[in-house]
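Here is the structure we will look at, set down as structure tokens.
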Protein chains: 2
Amino acid sequence: MFSKSCKYAIRAVLHLAAFTAEERKLGVQALADSLEVPKHFLGKILQELSRQGIVSSAKGPTGGFFLSDADRQAPLSRVVEAIDGPEVFSSCILGLPVCGADNPCPLHFQALEYREALQEIIEDRSIAQVVEGALEKDLKL
Amino acid sequence: MFSKSCKYAIRAVLHLAAFTAEERKLGVQALADSLEVPKHFLGKILQELSRQGIVSSAKGPTGGFFLSDADRQAPLSRVVEAIDGPEVFSSCILGLPVCGADNPCPLHFQALEYREALQEIIEDRSIAQVVEGALEKDLKL
DNA sequence: AATTTAAAAGACAAAAACATCTTTTAATCT
DNA sequence: AGATTAAAAGATGTTTTTGTCTTTTAAATT
């Protein structure tokens, strides 16, 4: 489904959304500890997310990563697109390059429902909404 | 979603289901040509599928791969399990080792629908049924 | 029995994904 | 200004996935 990098990215962004703000940043070390993922690898991912304007960051003492209010409004799919690329959503489930309604693969029509379910998870909800829902249910982030 | 090997495997099995039988086998070369996938790589995959009893094969002249009537009755999920492992269905969408209804990840409940859609595609239909449906719709296999 | 055909098996190679380490840059604090 | 802190950037290493090639084994045909 998602690559490992992408899974880390999603978890990191949700965690940042829940626990940080402009005045309350989190360093890679702290974040890596919380998520129990390799520090340097996470650093690379955050770097890319930062470059793409999905998370915010500041250097130096009191620096770190955080999610601005604007950052929170983005759909979760932006994170996925940033790391795994936009193909994840649209590409054929059997990897055929020309699969579509006109030239469908053997699973094309069955796969539509799966496609929609996927969209509901990551395209239809903003980062803020996902976190809100999770906090309501007392889920760990 | 599925690994490349797994995508090849599914396509190969469906093709074999549509065009072969005990008396009408297909060699790796011919199959690779039809599916437009690398011959030797496909060979490896078929070897594994054969070892696991998902496809049938015969050596020597007039040899090749085919699907017996019994082979056809298996659900598509057997192919997926054989190549990508059984985890694909049950594992957490964010890769958390302990994600479940009791200790759910931030996307656990949203992911349920996606899970079900996925099951409907590969667990609820036999290979024979998928091929039948595809042939009815004139889809290329 | 000898030859041919094609899968089975295993060794090997390239690419991508995953992960770590070091250096540089920029910001803060004293 | 100098020291310190932490992200940015880049180099490097490891593992997994993907792909190729060669040898072996078994079956059929002559």
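Quick note on labels: first sequence line is chain A, next is B, and so on, each numbered from 1. Hydrogens, waters and symmetry mates are skipped; everything else that's a heavy atom, side chains included, is used.
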Quiz item: Do the side-chain N and O atoms of B/Q29 and B/D33 include a donor-acceptor pair separated by under 3.5 angstrom?
Solution: yes
Show which side-chain atoms of residues 106-115 of chain A pair as donor or acceptor with protein atoms under 3.5 Å away, not counting sequence neighbours.
| from | atom 1 | to | atom 2 | distance (Å) |
| --- | --- | --- | --- | --- |
| A/R115 | NE | A/F89 | O | 2.6 |
| A/R115 | NH1 | A/S91 | O | 3.0 |
| A/R115 | NH2 | A/F89 | O | 2.8 |
| A/R115 | NH2 | A/S91 | O | 2.8 |

Self-check item: Non-hydrogen side-chain atoms of A/V28 and A/F65 separated by less than 4.5 Å
Solution: yes
Exercise. Just compare D/dA9, D/dA28, C/dA8 and give me whichever is closest to any side-chain atom of B/K59.
Key: C/dA8
Quiz item: Can you tell me how far C1' of D/dT17 sits from CD1 of B/I83, to the nearest Å?
Solution: 13 Å
Quiz item: Measuring from A/L94:CG to B/L14:CG, what's the distance to the nearest 0.5 Å?
Solution: 7.5 Å
Exercise. Report yes if at least one side-chain N or O of B/S50 is closer than 4.0 Å to OP1 or OP2 of C/dA7; otherwise report no.
Key: no
Quiz item: Starting at the 5' end of DNA chain C and moving along, which residue's nearest nucleotide shows up first, A/A58 or B/G64?
Solution: B/G64
Quiz prompt | Side-chain heavy-atom pair A/S34, A/F19 within 4.5 angstrom cut-off | solution = no
Practice problem: For A/R72 and A/A17, indicate whether the former's side chain and the latter's backbone hold a donor-acceptor pair under 3.5 Å. | Solution: yes
Self-check item: Nearest-Å distance for atom pair CD/P, residues B/Q47 and D/dG19
Solution: 17 Å
Self-check item: Any donor-acceptor N/O pair, B/T20 side chain to B/L67 backbone, under 3.5 Å
Solution: yes
Practice problem: Just do the side-chain contact (heavy atoms from CB on, under 4.5 Å) check on B/L96 and A/R11 with the steps written out, would you? | Solution: CA-CA 10 Å; B/L96 298 181; A/R11 294 179 57 208; 3.2 Å; yes
Quiz item: Rounding to a whole Å, what distance do you find between B/E48:CD and C/dA8:C1'?
Solution: 12 Å
Quiz item: Where along residues 3-29 of chain A does a heavy atom come under 4.0 Å from DNA chain C, residue by residue in number order?
Solution: A/S3, A/K4, A/S5, A/Y8
Practice problem: Please state how far atom CG in A/L46 lies from atom P in D/dA6, giving the value in whole angstrom units. | Solution: 15 Å
Practice problem: When you get a sec, tell me which of D/dA27, D/dA8, D/dT5 is the closest nucleotide to the side chain of A/S57? | Solution: D/dA8
Exercise. For A/G60 and for A/R51, locate the closest nucleotide of DNA chain D by heavy-atom distance; then report the residue assigned to the nucleotide nearer the 5' terminus.
Key: A/G60
Quiz item: B/I54 CD1 to C/dA8 C1': how many Å, rounded?
Solution: 17 Å
Self-check item: Nucleic acid contacts of residues 35-44 of chain B, taken as heavy-atom distances under 4.0 Å to DNA chain D
Solution: B/P38, B/H40, B/F41, B/K44
Quiz item: Do the side chains of B/L26 and B/F66 get nearer than 4.5 Å, heavy atoms only?
Solution: no
